[in-house]
Amino acid sequence: MKQGRFWLMAAGFVVCILIIWGISSAFNKKPAVLSKATVGSPASTSSMNGDVPWDYQVQQAKVGDLLDGDMVLLPNNERISNDQNFATGDQVWVLSYMQATMNTDNQGKNDVTLSQWKPIKTFKTKEDADKDLAELKIEIKTDVKLVGVYKTEQDGKFRYFAVADLPTGQKVKQPIPEERYVSFKNKKEVQVILEEVHDYSNFDQSMAKFRGWAE
């Protein structure tokens with residue numbers, strides 16, 4: 001009887017430990033968009049390779065020829081579906097997309113090839129276009145690992161640099177003033193501003209781009 005109570009109490013203790021661990025993990029978990037996931041790869045991947053979303057822009061264009069349900073946008077003669085039944089001569093706002101093909105070596109050095117701008121959607125007003133743009137390009141603040149800081153000297157003049165690990169696994173090197181060099185010297189993590197660029201056809205796929213120090 002006593003042995004049965006002992007095993008029952010032990011099982012209850014283990015369950016409590018697992019519940020506490022699960023709650024702790026949930027509170028400490030970073031947003032999914034800040035994981036090191038790459039295109040078609042698990043979140044544990046530390047390098048960025050393949051095609052990734054790079055940038056978006058909104059520009060005004062004029063409708064040219066109409067071709068079998070599509071329309072040609074002037075002045076660049078880009079063809080896109082005429083979903084809103086625009087007529088030749090109409091002024092429209094165009095959301096365009098740029099993709100990057102990235103290859104990262106073992107030292108974290110990136111070889112980036114950018115595509116041409118590709119129109120993906122048209123709007124009657126700039127306000128409507130900007131609403132979509134605001135959901136595809138998001139600015140956030142987050143903590144990242146600081147690899148280190150260093151300085152170089154030439155002709156008695158010093159230059160200072162900081163190297164940080166982005167959530168995508170990329171390393172970014174940025175020139176910094178001496179004051180920031182001093183404040184960063186003993187830090188393991190720093191806060192940065194990132195721009196998250198999401199893929200329009202697969203929102204969960206994103207590219208984090210360094211946009212500055214947040215401290």
Side-chain angles (χ1 to χ4, degrees), residues 30-43 45 47-104 109-142 144 166-172 174 191-214:
K30 290 186 177 181
V33 294
L34 294 181
S35 71
K36 292 186 178 180
T38 60
V39 182
S41 302
T45 304
S47 62
M48 200 76 172
N49 290 285
D51 295 332
V52 295
W54 186 258
D55 203 2
Y56 293 91
Q57 67 177 6
V58 171
Q59 291 184 319
Q60 194 172 30
K62 184 177 181 180
V63 178
D65 295 324
L66 303 180
L67 305 170
D68 299 326
D70 291 346
M71 58 184 175
V72 176
L73 300 176
L74 304 176
N76 297 323
N77 290 309
E78 299 158 311
R79 184 167 177 169
I80 189 172
S81 176
N82 189 6
D83 295 331
Q84 300 193 61
N85 198 31
F86 290 114
T88 298
D90 284 350
Q91 296 290 331
V92 298
W93 291 93
V94 184
L95 176 65
S96 297
Y97 169 73
M98 179 181 283
Q99 190 178 55
T101 301
M102 301 187 66
N103 292 293
T104 307
K109 185 177 180 181
N110 300 314
D111 179 22
V112 182
T113 302
L114 299 180
S115 70
Q116 298 293 320
W117 287 104
K118 175 187 176 184
I120 56 174
K121 196 172 181 181
T122 54
F123 304 84
K124 293 182 178 179
T125 67
K126 187 175 187 298
E127 290 73 21
D128 288 339
D130 286 341
K131 286 180 182 178
D132 269 28
L133 183 64
E135 294 180 358
L136 293 167
K137 291 174 65 172
I138 305 168
E139 191 173 278
I140 60 173
K141 292 181 181 179
T142 187
V144 299
L166 296 189
T168 53
Q170 297 169 275
K171 288 182 173 60
V172 58
Q174 289 287 317
Q191 194 174 61
V192 299
I193 300 171
L194 299 179
E195 181 183 71
E196 291 253 320
V197 182
H198 292 262
D199 189 279
Y200 69 94
S201 60
N202 179 12
F203 189 82
D204 289 335
Q205 179 182 313
S206 64
M207 173 67 182
K209 300 166 74 174
F210 179 83
R211 285 293 177 259
W213 309 103

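Numbers for residues simply follow the sequence, beginning at 1.
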Exercise for the section: Would you indicate whether the side-chain heavy atoms of K209 and W54 approach each other to under 4.5 Å? Expected result: yes

Practice task
Search all heavy atoms of L166 against all heavy atoms of V172 and return the closest pair with its distance.
Solution key: CD2-CG1, 3.9 Å

Exercise for the section: Write down the atom of V112, the atom of M102, and the distance for their closest heavy-atom approach. Expected result: CG2-CE, 3.9 Å

Fill in the blank from the handout: When rounded to the nearest 0.5 Å, the distance separating CG of L136 from OG of S206 is 11.5 Å

Handout entry: Chi angles and distances behind the side-chain contact (heavy atoms from CB on, under 4.5 Å) call for V144, F210
Key = CA-CA 11 Å; V144 299; F210 179 83; over 6 Å; no

Handout entry: Heavy atoms from other residues, nucleotides or ligands near NZ of K137 exceed 12 (cutoff 6.0 Å)
Key = yes

Exercise for the section: Might you work through the side-chain contact (heavy atoms from CB on, under 4.5 Å) test for T122 and V63, ending with a clear yes or no? Expected result: CA-CA 10 Å; T122 54; V63 178; over 6 Å; no

Practice task
Could you tell me whether the side chain of Q205 reaches within less than 4.5 Å of the side chain of P53, counting heavy atoms only?
Solution key: yes

Completion exercise
So NZ of K141 and CD of Q191: to nearest 0.5 Å the spacing works out to 6.0 Å

Handout entry: Shortest non-hydrogen contact between V72 and N77, atoms and distance
Key = CG1-CA, 3.5 Å

Exercise for the section: Could you tell me the separation between the NZ atom of K121 and the CD1 atom of I80, rounded to the nearest 0.5 Å? Expected result: 10.0 Å

Completion exercise
Heavy-atom nearest pair, S96 first then P119, reads OG-CA, 3.7 Å

Handout entry: Donor-acceptor pair, side chain of K124 and main chain of F86, under 3.5 angstrom
Key = no

Handout entry: Spatial distance of atom OG1 (T142) from atom CD1 (I193) [nearest 0.5 Å]
Key = 11.5 Å

Completion exercise
Between the CD1 atom in I138 and the CG atom in L194, the distance rounded to the nearest 0.5 Å is 12.0 Å

Problem - Selection residues 80-91 - residue pairs positive for side-chain hydrogen bond (donor to acceptor under 3.5 Å, both in side chains), sequence neighbours left out - result: S81-D83

Handout entry: salt bridge (charged side-chain N to carboxylate O under 4.0 Å, His left out) contacts touching residues 59-69 (sequence neighbours left out)
Key = none

Practice task
Indicate yes or no: at least one non-hydrogen side-chain atom of W93 is less than 4.5 angstrom from one of Q60.
Solution key: yes

Exercise for the section: Please round to the nearest 0.5 Å and tell me the distance separating atom CD of E196 and atom CD of E139. Expected result: 11.0 Å

Problem - Any donor-acceptor pair under 3.5 Å from Y56 side chain to Y200 backbone - result: yes

Handout entry: Pairwise side-chain contact, W117 with Q59, heavy-atom cut-off 4.5 Å (strictly under)
Key = no

